[in-house]
Number of protein chains: 2
Amino acid sequence: MPSAFHAAGSEIFSQGSEARSLYIVKFGCVRIYRLLADGRRQISAFHLPGEVFGFEADDRHHFFAEAVGATCTLSIRVSATTELSRELLPLALRGLVRAQEHLLVLGRQNAPERVAAFLVDMFERQGGLDRLELPMSRTDIADYLGLSLETVSRVFTKLRERGIIRLLSLRTVEIAKWRSLAEMCE
Amino acid sequence: MPSAFHAAGSEIFSQGSEARSLYIVKFGCVRIYRLLADGRRQISAFHLPGEVFGFEADDRHHFFAEAVGATCTLSIRVSATTELSRELLPLALRGLVRAQEHLLVLGRQNAPERVAAFLVDMFERQGGLDRLELPMSRTDIADYLGLSLETVSRVFTKLRERGIIRLLSLRTVEIAKWRSLAEMCE
DNA sequence: CGTTGCTTTGAGAGCTCTCAAAAGGCGTGG
DNA sequence: CCACGCCTTTTGAGAGCTCTCAAAGCAACG
């Protein structure tokens, strides 16, 4: 299994390129996104260590993938006839459910609810530690939540003022009132 | 393959119920959706004749499915050990890409762009006829696009006034300027 | 011909965006 | 160790898009 190192911001694959393998995040973080003609960007997913990404419907990538920070990935060559289909289906389905759940956030939740949903999700994926190190910038979070970076920043400030979160550094978050945060997601 | 008829608005499966089979739409239309505690609804997909729905990540449904109009479905019992995994993966992946593409619409496009994207998508799926019979209400379209039903209605009116579409009846749409519509999606 | 539900249209409010500038962090070099 | 410069983040002000509330218009159906 060939492993690869990616510097912060470097491309892992791009939309339209040939899709020949899947990837597993070894360490770091990967953003999957799509662009509109005028540059608007929507990040459809962040992938953390242990997660698999690179699924495509045909032999072309429909999305871009970039390393958020310094990141290491393993790539797995997957042919159509491989035995892996059986093990891949559950992963693909998990991704499908996640994407559909994110549609609810983007379509029907307001800014505070979106940020709360993001934080809850990140915390749960990091294994329930009470301190979270965000690998991505406010801009990345905004493009994931369909907001402007200023709105994301304002919501963080509001959550801090209300004592729901603590910001140990710009990207280190501690949940003070887990209950309040979870209730914001409904 | 047991087939089932569903009256307009009737439930096919509900969130939390046991997921034991997949479904194929024979005729009609199905909406897949999720609800927030206060009743806000996000439709993640409409399924037209020939399409498969009911994919889940575990043995529970994470979404609701309802017949939009009078609808007939075939259900397929799928066990984990079945030979179908190989054929199912491409379908699941197609759904994943569709959901992720819809994230871009909800996260980064404005109301006219969303409606345009919806119409283009529906037209392409109906096989490129120049006349489209929408099976769903404005409310359904709104809940699919993350808009209010009034905004959807206003955009339809605007598209009609600009000569981009014609409304033969409330739910029968004809594209007059395909080019303009496609350009609205970027 | 009245009822019922869906759709359209209008008016005002509110949330989020854009533009702009200040503040804060971090690494490099003196 | 401190100063500088760059990049990220925060904060502010005003504009704009979409929502909510409300009422009127339409179409289907008994």
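Values reported hereafter were calculated over all heavy atoms of this structure, with side chains retained and with hydrogens, waters and symmetry mates removed. Quick note on labels: first sequence line is chain A, next is B, and so on, each numbered from 1. As the structure is a computational prediction, the values presented were derived from the model and not from experiment.
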- prompt: Charged N to carboxylate O below 4.0 Å: is that the case for A:Glu113 and A:Arg108?
  reply: no

- line: Here the distance between atom C1' of D:dT10 and atom CZ of A:Arg171, to the nearest Å, is 14 Å

What does the list of N/O pairs under 3.5 Å between the protein and nucleotides 9-13 of chain C look like, with a distance for each?
from   : atom 1 : to       : atom 2 : distance (Å)
C:dT9  : OP2    : B:Thr157 : OG1    : 2.6
C:dG10 : N7     : B:Arg154 : NH1    : 2.9
C:dG10 : O6     : B:Arg154 : NH2    : 3.4

- request: To the nearest Å, give me how far apart CD (A:Glu113) and P (D:dC19) are.
  value: 14 Å

Enumerate the protein-to-nucleotides 25-30 of chain D contacts in which both atoms are nitrogen or oxygen and the separation is below 3.5 Å.
none

- line: note: B:Leu106, atom CG; C:dT16, atom P; distance rounded to Å ~ 16 Å

task: Would you mind telling me which of C:dT16, D:dT18, C:dT8 lies closest to the side-chain atoms of B:Leu147?
output: D:dT18

- prompt: Going by distance alone, is a donor N or O of one side chain under 3.5 Å from an acceptor N or O of the other, for A:Gln42 and A:Tyr144?
  reply: no

- prompt: What does A:Ser137 touch in the nucleic acid at a heavy-atom separation under 4.0 angstrom: a base, only the sugar-phosphate, or nothing?
  reply: sugar-phosphate

task: Starting at atom CZ of B:Arg108, determine the distance to atom P of D:dC17, rounded to an integer number of angstrom.
output: 16 Å

field: Shortest non-hydrogen contact from A:Ser21 toward A:Ser75
entry: OG-CB, 4.2 Å

- prompt: Between A:Asp59 and A:Arg20, is there a side-chain N and carboxylate O pair less than 4.0 Å apart?
  reply: no

Spacing of A:Leu167 atom CG relative to C:dG24 atom P, expressed in whole Å: 14 Å

query: Please give, in whole Å, the distance from C:dC6 C1' to B:Phe156 CZ?
result: 13 Å

message: Could you check whether A:Arg34 makes a cation-pi contact with A:Phe64, meaning its NZ or CZ is under 6.0 Å from the centre of the six-membered ring and within 45° of the ring axis?
response: no

field: Close aromatic pair by centroid cut-off 6.0 Å: B:Phe63 and B:Phe13
entry: no

query: Is there a donor in the side chain of A:His61 and an acceptor in the side chain of A:Gln15, or the other way round, less than 3.5 Å apart?
result: no

task: Return the value, rounded to whole Å, for the distance between atom CG of B:Asp143 and atom P of C:dC6.
output: 13 Å

- prompt: Nearest nucleotide by nearest heavy atom, which residue falls closer to the 5' end of DNA chain C, A:Ser169 or A:Pro112?
  reply: A:Pro112

- request: State whether the side chain of A:Asp121 and the backbone N or O of A:Phe123 hold a donor-acceptor pair below 3.5 Å, judged by distance alone.
  value: no

- prompt: Do A:Thr73 and A:His6 have side-chain atoms, one donor and one acceptor, less than 3.5 Å apart?
  reply: yes

task: Report the distance from atom CD1 of B:Ile165 to atom C1' of C:dT8, rounded to the nearest whole Å.
output: 13 Å

task: Give one of base, sugar-phosphate or nothing for B:Arg114, where a contact means two heavy atoms less than 4.0 Å apart.
output: nothing

